[in-house]
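All heavy atoms count here, side chains included; hydrogens, waters and symmetry mates do not.
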Amino acid sequence: MAERVEVLLTEKEVNDRIRAIGEQISRDYADRNVHLICVLKGGSFFMCELAKRITVPVSLDFMSVSSYGADTKSSGVIRIVKDLDESIKEKDVIVVEDIVDSGRTLSYLLNMLKERGPKSLALCTLLDKPERRVVDVDVNYTGFQIPDEFVVGYGLDYAQKYRNLPYIGVVKFD
């Protein structure tokens, strides 16, 4: 089955929105340090661009959580593939994710991180699919709410392809 990608959000739209989120986080965390936790692999593109636009001191860490494999739908089985390198106790933490879909993975991850004693814990996502939500998740910073389409680009992939697209596209299967 062949696939093609149609543009959903242009590179300019994505960059403009990331700039606005960075400005909002900078205001919300004025006079504090922000510890960003990237959910790999998809969140890495978004987090790097976001971190450049935050004006308060920023530190970074990475986690890898899997619930997809090579499929287009979440399996519902959540695995921690890579855990944090340092403690988040008493830190102002923002989890940075590429997309919030069913909410299962993020709900699991946020509950796990809360148990580690951060001063505050927030969630920032580039894309949100609220109509796919199975588990309620509070998203503090959202780039775009999108329809229930399988999207790629800007870190999001389909079987490890299309991550490097500078825009958000919808995968269409012919």
Side-chain angles (χ1 to χ4, degrees), residues 14 17-18 21-22 24-25 28-29 32-54 56-160 162-163 168:
V14 172
R17 186 65 189 127
I18 293 171
I21 295 169
Q24 183 64 52
I25 289 171
D28 292 350
Y29 289 84
R32 296 193 285 178
N33 295 340
V34 176
H35 188 68
L36 301 179
I37 296 176
C38 175
V39 181
L40 294 171
K41 297 177 185 171
S44 60
F45 287 69
F46 175 42
M47 186 174 80
C48 288
E49 292 303 315
L50 179 63
K52 291 191 295 188
R53 291 163 173 87
I54 296 173
V56 299
V58 172
S59 57
L60 310 174
D61 206 343
F62 300 87
M63 289 189 87
S64 183
V65 183
S66 175
S67 68
Y68 278 81
D71 203 353
T72 61
K73 297 223 184 304
S74 174
S75 67
V77 177
I78 298 157
R79 295 185 309 125
I80 302 294
V81 180
K82 184 219 173 290
D83 207 339
L84 298 174
D85 290 334
E86 58 187 68
S87 171
I88 60 170
K89 190 165 184 64
E90 294 303 315
K91 292 183 179 180
D92 289 307
V93 174
I94 301 176
V95 174
V96 180
E97 178 65 287
D98 53 1
I99 189 166
V100 179
D101 194 326
S102 71
R104 284 187 195 107
T105 302
L106 269 298
S107 176
Y108 174 85
L109 181 61
L110 291 170
N111 286 331
M112 183 185 73
L113 292 174
K114 279 180 197 170
E115 293 175 5
R116 297 182 183 188
K119 182 189 290 182
S120 66
L121 183 62
L123 175 59
C124 178
T125 187
L126 179 59
L127 304 173
D128 189 8
K129 288 187 189 178
E131 67 189 76
R132 293 261 310 142
R133 201 76 84 244
V134 174
V135 177
D136 283 336
V137 176
D138 290 327
V139 181
N140 306 88
Y141 304 97
T142 301
F144 301 93
Q145 284 193 356
I146 61 168
D148 186 13
E149 303 266 8
F150 192 78
V151 291
V152 294
Y154 223 91
L156 294 125
D157 74 299
Y158 170 62
Q160 295 297 335
Y162 308 117
R163 284 190 196 279
I168 303 296

Nearest heavy-atom pair of L113 and M63: which atoms, and what distance? CD2-SD, 4.1 Å

Donor-acceptor pair, distance only, cut-off 3.5 Å: does the side chain of T142 make one with the backbone of F144? no

Residues forming a side-chain contact (heavy atoms from CB on, under 4.5 Å) with Y162, sequence neighbours excluded: E3, V5, V152, Y158, L165

Mind running side-chain contact (heavy atoms from CB on, under 4.5 Å) on V100 and R133 for me, showing each step along the way? CA-CA 8 Å; V100 179; R133 201 76 84 244; 3.3 Å; yes

Whether the side chain of S107 engages the backbone of R104 through a donor-acceptor N/O pair (distance < 3.5 Å, no angle test) should be reported. no

Are side-chain heavy atoms of E149 and K129 found at a separation under 4.5 Å? no

Please report the shortest heavy-atom distance between C38 and G43, naming the atom on each side. SG-C, 3.3 Å

What pair of heavy atoms forms the shortest contact from L60 to A51, and how long is it? CD2-CB, 4.4 Å

Note: L50 and C124 closest approach over all heavy atoms is CD2-SG, 3.9 Å

Closest contact, heavy atoms only, D61 versus M47: O-CE, 4.2 Å

A side-chain contact here means heavy atoms from C-beta on lying under 4.5 Å apart; do D92 and N33 qualify? no

Between L36 and V58, is any pair of side-chain heavy atoms under 4.5 Å apart? yes

Within the 4.5 Å heavy-atom criterion, are E97 and F46 side-chain neighbours or not? no

Among all residues two or more places apart in sequence or in another chain, which pass the side-chain hydrogen bond (donor to acceptor under 3.5 Å, both in side chains) test with D85? K82

Is there side-chain contact between Y141 and I25, with heavy atoms separated by less than 4.5 Å? yes

Work out which heavy atom in G103 is nearest to a heavy atom in V137; give both atom names and the distance. O-CG2, 3.4 Å

Can you find a pair of side-chain heavy atoms, one from M112 and one from I80, that are under 4.5 Å apart? yes

Quick one: do K91 and E86 make a salt bridge, cutoff under 4.0 Å? yes

What's the verdict on side-chain contact (heavy atoms from CB on, under 4.5 Å) for D128 and I146, showing C-alpha distance, side-chain angles and the deciding distance? CA-CA 6 Å; D128 189 8; I146 61 168; over 6 Å; no

Whether over 12 other heavy atoms sit under 6.0 Å from N111 CG: yes

Spacing of CG belonging to D136 relative to CG belonging to L106, to within rounding of 0.5 Å: 12.5 Å

Looking at D138, I'd like to know if its CG atom is crowded, meaning that more than 12 non-hydrogen atoms belonging to other residues, nucleotides or ligands lie closer than 6.0 Å. no

Short side-chain to backbone donor-acceptor contact, R163 and L156, under 3.5 Å: no

Are Q24 and D28 linked by a side-chain donor-acceptor pair shorter than 3.5 Å? yes

Set of residues satisfying side-chain hydrogen bond (donor to acceptor under 3.5 Å, both in side chains) with respect to Y29, sequence neighbours excluded: none

Would you check if V39 and D98 make a side-chain contact, meaning some heavy-atom pair closer than 4.5 Å? no

Main chain of L123, side chain of N140: is a donor-acceptor contact present, judged purely on distance under 3.5 Å? yes

Would you say the side chain of L126 lies within less than 4.5 Å of the side chain of I18, judging by non-hydrogen atoms? yes

One should read off an interatomic distance between S120 OG and H35 NE2, to the nearest 0.5 angstrom, of 11.5 Å

